[in-house]
Amino acid sequence: MSTNIQVAGECLESQKNFTHRHFGWCSEGDRTVNVADKPAADQILVKWIAAPINPADLNQIQGVYPVKPTLPAVGGNEGFGKVISVGSSVNNIKVGDHTSLTLKSFSVNPPTAYRMLKDFVDLKKGDIVVQNGANSAVGKQVIQICRILGVKSVNVVRKRENLDDLVKELKDLGADDVITQEELYSRKKKFRGVKLALNCVGGRSSLFLASLLDHGGCMVTYGGMSKQPVESPTGPLIFKDISLRGFWMSRWYEVQTSPQKRQEMYKELAGWMKSGEMQKQEFGLARREDRHPMTTAIDRIQENVDNCSKGSSIGSHGREKADLHNSILDMNMKMKRLEETVVAQQKRIDDMEMALMDEKKNQEDPEEVNKIGVPEDGSLSMFERSLAVMNKVNQLLKLVDALSPPLAVYRLGL
C-alpha cells in the first residue's frame, strides 16, 4: 500500500503549505493553502523542519526549467520533517518518525559529482579535471572526490570580496588550483593534460573551459546558471577531437534498470562520508520570519492585496487593489529588464572578443587559435571597451543577485 504525505510548515500556527499558481516572480494568486488537520486513511501529516532551496527549484518557479510541475504547485521537492499524524490504514509509519524526501545532500549532489567523474572519462591518478561554479554544492563534492581518487582539480569561481576566504575553503577541501573567471579568460595560467571539464555556467565560461581540454577530452554540461548557450572553441573540436556531453541526475536514475549500480555508488559515497574523507554539506538556516527587507515589503503588498480582496477598510479597495497589483507587476518587469540587460551586455562582450580573435593574424600553432588578448596591431580601444562593458555586467549581476534570492525565498514560502 502506498502512503501519501501532506506537509505542514513548522513555524505556522495551523497546518499550511505554500503554493504558486503561475510561473514567474510575484504572480498574483500565489497563496498559503490550508492542509487538513487530520490525514486521510492512507496519508500521513508531516511537520516540515527544513527544506533546501536549490537553483532548479527557483528555475521551476520561474517557469524556465525543462520539467514543469502541474499548477498550483509547491516550490521544491525535498526536505526533512517529523510525522505528527498518521491515517488509520498506515501501519509502517508512526507519529514521531522523521522522514526525508529526495534529500539532495546525499541522493542528488554527491551522486551528480560522482557520476560525472566516473562515467565520461577513464580518469587516472594525476589527471586534471577543471570545473566552473566550483563553490557550488556539486562543485565542492567534485573537489573532494577528485582528492580521494588522486585526480587534480582546477576550480573556477567568480571574483568577490571574500575571495581569499573562499580560496582557502576550497583548498582545505582538496582543490589543487582555484582561479577566477577573469584569470580563466586571460589564459595567464597554463594547465596541461586536462581530461575532463565540468560546466554548470554556460556562455563564455564554457567556451574557455572547453579550450583547456587536452586531446580527446570531454566537457560535461550539467547546468546553465548564466542562462547563456553553451559555447565551444572551433580549434580544439577540430584538432583535439574534444567532445561535449550533457548530464542530468534524474535521467540517470530513470534509465537504471538494475539497482546494483546505484547501490554501489551509495555504498562508496556513504563510506567516504562516514570515514570523514567527504565533509557533510553545510546549510545556512533561514526561517520564514527572518527574511530579507525586500521580501517583507513584498509580503506587505500581498497582504494588502488580500485585505482589499476581503473588503477591508483601507480606502477604495478596488483602486487600492489595482495599484498594489500594478506594483507587483512593476517589480516583476524590473527584474526581467535587469536580466535581459545582463544577457545583452554579455552578448556585446562576446562579439567584441570574437572581433579581437579575428584580428589576431599569423597564428601558426592550432592550439593557440582560441587565445583572446590585446591585439598586437594597436587596436587597444576595442579591448578597453570590452573591459568597460564587462564591469557594467558585473554591476548588473550584483543587482540581480541582490533581488533574486529574496524574491525566490518569498515564492517558496521559507
Side-chain angles (χ1 to χ4, degrees), residues 23 52-69 75-78 102-121 129-146 153-158 160 166 170 175 178-181 184-185 194 196-213 217-232 242-254 281 283 339 342-343 346 350 393 397 400-401 404-405 408 412:
F23 294 118
I53 302 175
N54 299 285
D57 301 330
L58 306 184
N59 292 153
Q60 277 198 336
I61 293 171
Q62 287 176 297
V64 298
Y65 197 70
V67 179
K68 295 178 176 61
N77 62 0
E78 57 169 336
T102 323
L103 202 57
K104 280 187 171 65
S105 59
F106 186 78
S107 65
V108 177
N109 290 334
T112 297
Y114 183 95
R115 295 260 60 99
M116 290 193 299
L117 292 171
K118 291 278 189 175
D119 292 352
F120 295 93
V121 175
V129 172
V130 61
Q131 64 167 339
N132 53 25
N135 58 318
S136 66
V138 172
K140 292 177 181 179
Q141 305 290 350
V142 167
I143 291 171
Q144 295 178 85
I145 296 176
C146 282
S153 65
V154 176
N155 304 276
V156 183
V157 298
R158 285 173 56 183
R160 62 199 68 211
L166 177 59
L170 298 185
V178 181
I179 63 174
T180 64
Q181 287 190 145
L184 173 67
Y185 300 158
V194 177
L196 179 66
L198 305 179
N199 166 49
C200 68
V201 177
R204 188 169 55 138
S205 181
S206 60
L207 171 68
F208 283 85
L209 209 65
S211 69
L212 295 177
L213 289 170
C218 175
M219 182 172 75
V220 180
T221 294
Y222 66 102
M225 296 301 294
S226 71
K227 298 181 182 179
Q228 295 284 309
V230 172
E231 299 181 24
S232 174
I242 67 171
S243 60
L244 309 180
R245 300 285 301 277
F247 181 76
W248 186 30
M249 193 69 225
S250 298
R251 176 62 178 165
W252 186 89
Y253 282 129
E254 289 176 2
Q281 187 173 336
F283 296 92
E339 292 179 345
V342 170
V343 172
Q346 182 68 62
D350 293 342
V393 169
L397 283 173
V400 172
D401 288 343
S404 295
L412 283 173

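Predicted model, so just to flag it, every value in this text is computed and none were measured.
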Chemist: Nearest 0.5 Å, what's the NZ-CG distance between Lys140 and Asn135?
Modeler: 6.5 Å
Chemist: Could you check whether any side-chain heavy atom of Arg115 comes within less than 4.5 Å of a side-chain heavy atom of Met249, counting everything from C-beta outward?
Modeler: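 In contact.
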Chemist: Heavy-atom distance under 4.5 Å between the side chains of Cys146 and Leu117, does that happen here?
Modeler: yes
Chemist: Answer yes or no: does atom CZ of Arg160 have more than 12 heavy-atom neighbours from other residues, nucleotides or ligands under 6.0 Å?
Modeler: yes
Chemist: Is there a side-chain contact between Gln141 and Thr112 in this structure, where contact means two heavy atoms from C-beta onward sitting under 4.5 Å apart?
Modeler: no
Chemist: Please give me the minimum heavy-atom distance between Leu209 and Ala197, naming the atom from each residue.
Modeler: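 The pair with the smallest heavy-atom distance is CG-CB, 4.0 Å.
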Chemist: Without swapping roles, check the side chain of Ser136 against the backbone of Gly133 for a donor-acceptor pair under 3.5 Å.
Modeler: yes
Chemist: Within the distance-only criterion (no hydrogens, no angle test), does the side chain of Ser226 pair as donor or acceptor with the backbone N or O of Val201 below 3.5 angstrom?
Modeler: yes
Chemist: Any side-chain heavy atom of Thr221 within less than 4.5 Å of one from Leu244?
Modeler: no
Chemist: Look up atom OG in Ser211 and atom CE in Met219, then write down how far apart they are to the nearest 0.5 Å.
Modeler: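 The distance works out to 9.5 Å.
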Chemist: If you look at every heavy atom in Val142 and Ala113, which pair is closest and at what distance?
Modeler: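 For Val142 and Ala113, the tightest heavy-atom pair comes out as CG2-CB, 3.6 Å.
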Chemist: Is any side-chain heavy atom of Asp119 less than 4.5 Å from a side-chain heavy atom of Trp252?
Modeler: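 Asp119 vs Trp252: side chains touch.
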Chemist: Give a yes or no on whether the ring-centroid distance for Tyr222 and Phe247 is below 6.0 angstrom.
Modeler: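 No, the ring centres sit 6.0 Å or more apart.
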Chemist: Which heavy atom in Ile143 sits nearest to a heavy atom in Ala134, and how many Å separate them?
Modeler: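 Here Ile143 and Ala134 meet closest at CD1-O, 4.0 Å.
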Chemist: Once you round to the nearest 0.5 Å, how far does CE of Met116 lie from CD1 of Ile145?
Modeler: 9.0 Å
Chemist: Write down the atom of Asn109, the atom of Ala137, and the distance for their closest heavy-atom approach.
Modeler: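 Looking at all heavy atoms of both residues, the shortest contact is ND2-CB, 3.5 Å.
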Chemist: Under 3.5 Å, is there a donor on one side chain and an acceptor on the other for Gln131 and Asn155?
Modeler: yes
Chemist: Just checking, is any N or O donor in the side chain of Asn199 or Ser206 under 3.5 Å from an acceptor N or O on the other one?
Modeler: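 On atom types as modelled, these side chains do not qualify, holding no pair under 3.5 Å.
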Chemist: Decide yes or no for Leu196 and Val220: does some side-chain heavy atom of the first lie under 4.5 Å from some side-chain heavy atom of the second?
Modeler: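 Counting from C-beta outward, Leu196 and Val220 do come under 4.5 Å.
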Chemist: Which residue is it: Asn132, Leu166, Leu184, Ile179? I am looking for the one with a side-chain contact (heavy atoms from CB on, under 4.5 Å) to Val157.
Modeler: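 Checked Asn132, Leu166, Leu184, Ile179 against Val157; only one passes side-chain contact (heavy atoms from CB on, under 4.5 Å): Leu166.
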Chemist: How close do Phe120 and Gly246 get, counting heavy atoms only, and between which atoms?
Modeler: CZ-O, 4.0 Å
